[in-house]
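Encoded as structure tokens, the structure appears first; notes follow it.
The chains referred to below are lettered A, B, ... by the order of the sequence lines, with proteins before strands, and numbering in each begins at 1. What you see below is based on every heavy atom in this structure, not just the backbone, and it leaves out hydrogens, waters and symmetry mates.
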Amino acid sequence: MSSRTNISCLQEAARVAIFGGTHGNEMSGITLVNMWIQNSAEIERNGLLIKPFISNPRAVEKCSRYIATDLNRAFTPENLSAPDVEGLPYEVQRAKEINRMFGPKGSADAYDVIFDLHNTTSNMGSTLILESSTDLFNLQMVHYIKKAMAPHTCSVLLNEHPQLKYSTTRSVAKHPVGLEVGPQPQGVLRSNVFESMRTILKHALDFIEIFNSGVTFPPCTVDVFRVQERMDYPRDTNGNITAMVHPHLQDCDWEPLNRGDPMFLTFDGRTVLYEGANTVYPTFINEAAYYEKQQAFMTTGREILAANAIRKACK
Amino acid sequence: MALVFLPALARMAVCGGTHGNELSGVYVVQEMERQWKEKGECAWPIPVTTVLSNPRAVKECRRYIEKDMNRCFNRATLSSPITDSSPYEVRRAHELNNLLGPKGSTDAIDLICDLHNTTANMGLTLIHYTTSDWVTLHICKYLQTKLTKVPVRVLVLDVPISDAYSLESVSKHGFSIEVGPQPHGVVRADIYTIMKEAVDLTIDWIHKFSSGMVFEGGDVEAFRFIKSVDYPRDPETRTLTAAIHPQLQDRDFCLLKRGDPLFLSFSGETVKYEEEEPLHPFFINEAAYYEKEIAFHLGKKMMLTIPSVQVQKD
């Protein structure tokens with residue numbers, strides 16, 4: 001190894017999980033995982049333990065996002081350490097169970113990678129969601145996937161924001177990766193969205209298999225959109241929304257939003273403009289599940305992340 | 001062309017939130033209520049009652065709480081007594097029947113416009129349960145002429161009124177305004193605007209009709225419901241084994257011919273349309289219909305001829 005080459009040696013990724021149904025009405029992941037539970041041939045890779053798993057089965061059965069509380073916000077330290085008592089909300093119980101099966105979160109025993117499959121009503125196309133700008137394994141994997149999917153675009157969303165980052169189901173693993181594909185209505189299975197998600201996973205598993213075989217991945221850069229701010233709808237004193245995402249912003253995920261651009265349209269026809277000083281790149285525009293979370297869209301900034309070369313560590 | 005005189009239309013109701021997660025109608029009704037508070041009787045040129053049909057479902061942003069309310073307005077359900085075990089929506093249907101009906105009686109409101117959204121790419125579709133209501137068909141024709149930015153189609157279910165199970169069958173000349181595609185739980189500005197315009201034009205037509213204007217007859221193209229088609233399913237578990245084919249997805253009202261793709265299975269096979277008779281699919285991939293075991297409906301295109309109409313003078 002040349003003294004000028006900086007290769008990070010990383011642990012083999014031996015155990016991988018694929019979660020569907022973290023939200024019970026996001027159909028691509030639910031359908032894929034159920035299919036792979038029945039017949040795992042498509043997801044098998046040499047030397048890899050790959051577990052397809054339905055994370056929120058009760059919500060899946062009801063075809064609803066959650067039963068008591070959003071599972072994808074439930075993996076907080078408080079919840080995970082809560083004592084096993086009666087009356088714990090279903091999703092908190094489930095989070096503890098998932099943490100036992102695939103974690104514990106933060107420990108050496110945790111699964112190496114968890115892919116958490118989601119759909120959105122927003123026009124985000126194929127999006128990979130990362131929680132850390134310094135996870136070299138994930139950066140290299142995402143770089144590999146983007147190249148393999150080209151010319152189909154894969155956007156990368158980085159949520160490392162101290163307040164807006166949330167405790168996801170996948171955060172139990174050492175390398176959590178969110179897959180978000182849209183637009184797709186809740187409760188609907190669209191063939192094109194289903195096949196996109198299937199293909200992303202195929203490339204992701206290929207990457208892990210190649211990495212585990214000892215191949216060195218050269219240094220790379222990844223274009224990401226870093227989460228900045230949550231923008232809510234205009235609301236009245238009762239908390240009801242008084243405007244909708246403006247037609248000029250609707251479906252324009254990842255496109256620049258500049259000061260003075262239309263942002264909302266009130267029900268009686270007035271336009272509300274974006275007043276921010278800097279150009280931002282909105283995403284999760286008009287996601288059904290976020291009305292109750294007070295979010296019309298998220299703003300992001302463009303950034304280029306650099307990743308060292310990586311190679312599997314020798315035993 | 002023959003001129004038919006029809007009784008005046010005194011009262012109209014606009015209903016939103018019959019399905020609590022179909023948001024355009026919820027917000028159109030909310031906006032109309034705001035206009036009423038601001039302008040009183042000057043809000044519209046004719047008396048309009050606005051109704052939020054299923055308030056509990058709207059509050060929870062769900063299609064329904066216990067039972068699909070838009071299946072509760074047939075004679076059998078409306079004439080059965082309410083008991084302690086009656087589902088919420090059946091109780092509410094009885095309430096709405098008292099408020100806007102009773103269905104089939106001379107006291108029933110003249111027109112109910114029931115507002116719906118669909119995840120299917122149906123543009124603006126006006127749904128009615130009979131082919132012989134000249135008022136409703138004239139309103140459809142008027143909307144088709146005035147609304148040019150979106151396809152406006154007429155769908156007829158052809159069901160006797162006592163069997164008609166949806167809310168608008170309570171009134172004398174009811175119809176549903178269905179606009180899509182929109183995910184449930186989402187309000188899109190473009191879809192809201194189309195729906196609001198359709199309601200405003202309906203009010204406009206009634207006002208013009210009541211003022212004595214003659215509406216010229218002619219042909220109205222409509223689609224009559226023939227049957228439904230379910231998804232391919234695993235015979236044991238009943239789970240889906242295929243999705244709507246990408247070449248059929250979003251192509252509501254196209255003409256399906258024998259050999260055209262319908263479904264793409266998860267293992268890559270194409271399921272094709274095997275019938276001899278070309279028909280038109282609609283409600284393709286509607287979220288709420290998975291539990292009703294419907295992938296899409298099929299309809300036959302037909303031409304309805306309607307006479308010129310004018311309001312009857314007393």
Side-chain angles (χ1 to χ4, degrees), chain A residues 25 27-28 30-32 34-39 41-42 60 62-65 119-123 182-195 198 233 236 240-251 262 264-269 271 285-292 296, chain B residues 21 23-24 26-35 38 58 60-63 117-120 180-193 196 231 234 237 239-250 261 263-268 270 284-291 295:
Chain A
N25 52 13
M27 304 307 295
S28 308
I30 293 165
T31 309
L32 281 169
N34 279 331
M35 197 175 82
W36 290 329
I37 287 172
Q38 288 304 312
N39 182 350
E42 193 179 316
V60 169
K62 253 186 99 179
C63 196
S64 110
R65 183 176 174 86
N119 293 118
T120 174
T121 58
S122 306
N123 189 27
Q184 179 170 270
Q186 295 167 348
V188 160
L189 184 71
R190 285 183 69 103
S191 184
N192 60 333
V193 170
F194 172 84
E195 295 294 343
R198 192 178 192 173
Y233 294 94
D236 64 20
N240 300 315
I241 65 169
T242 54
M244 311 164 276
V245 170
H246 195 280
H248 290 184
L249 177 57
Q250 179 68 53
D251 301 334
F264 296 112
L265 182 68
T266 65
F267 295 116
D268 58 351
T271 295
I285 299 173
N286 209 347
E287 160 54 51
Y290 289 172
Y291 283 64
E292 70 176 22
Chain B
N21 55 7
L23 296 192
S24 308
V26 171
Y27 288 109
V28 165
V29 160
Q30 181 185 274
E31 173 58 17
M32 290 179 78
E33 282 171 359
R34 191 196 62 78
Q35 286 174 0
E38 199 180 284
V58 169
E60 295 189 31
C61 197
R62 285 167 58 172
R63 182 177 175 85
N117 291 117
T118 173
T119 58
Q182 179 171 270
H184 299 315
V186 158
V187 61
R188 285 182 65 104
D190 52 0
I191 300 286
Y192 168 89
T193 302
K196 182 107 192 353
Y231 292 95
D234 179 285
T237 61
T239 54
L240 265 54
T241 55
I244 296 282
H245 197 281
Q247 284 173 43
L248 178 60
Q249 179 68 54
D250 301 333
F263 302 105
L264 181 61
S265 80
F266 306 143
S267 49
T270 296
I284 300 172
N285 210 347
E286 161 54 51
Y289 287 176
Y290 283 67
E291 71 175 17

Given a strict heavy-atom distance threshold of 4.5 Å, which part of [X] is in contact with chain B: side chain, backbone, both, or neither?
X	answer
A:Asn39	neither
A:Leu265	side chain
A:Thr242	neither

Residue part contacting chain A, namely of [X], when any heavy atom lies under 4.5 Å:
X	answer
B:Asn21	neither
B:Tyr290	side chain
B:Gln35	neither

Shorter than 4.5 Å, heavy atoms on both sides: which option in A:His246, A:Glu292, A:Arg198, A:Glu287 has the most such pairs with chain B? A:Arg198

May I ask you to name which of A:Val188, A:Asp251, A:Ile241, A:Thr266 has the most heavy-atom pairs under 4.5 Å with chain B? A:Val188

What distance do [X] atom [atom1] and [Y] atom [atom2] have between them, rounded to the nearest 0.5 Å?
X	Y	atom1	atom2	result
A:Asp268	B:Glu38	CG	CD	8.0 Å
B:Cys61	A:Gln186	SG	CD	8.0 Å
B:Gln249	A:Asn192	CD	CG	7.0 Å
A:Met35	B:Thr239	CE	OG1	11.5 Å
A:Phe194	B:Leu264	CZ	CG	8.5 Å
A:Gln38	B:Thr241	CD	OG1	12.0 Å

Where does the angle between the aromatic ring planes of B:Tyr192 and A:Phe267 fall among parallel (under 30°), tilted (30 to 60°) and perpendicular (over 60°)? tilted

Within the 4.5 Å heavy-atom criterion, are A:Tyr233 and B:Val187 side-chain neighbours or not? no

Hey, are the side chains of A:Arg190 and B:Asp250 touching, using non-hydrogen atoms and a 4.5 Å cut-off? yes

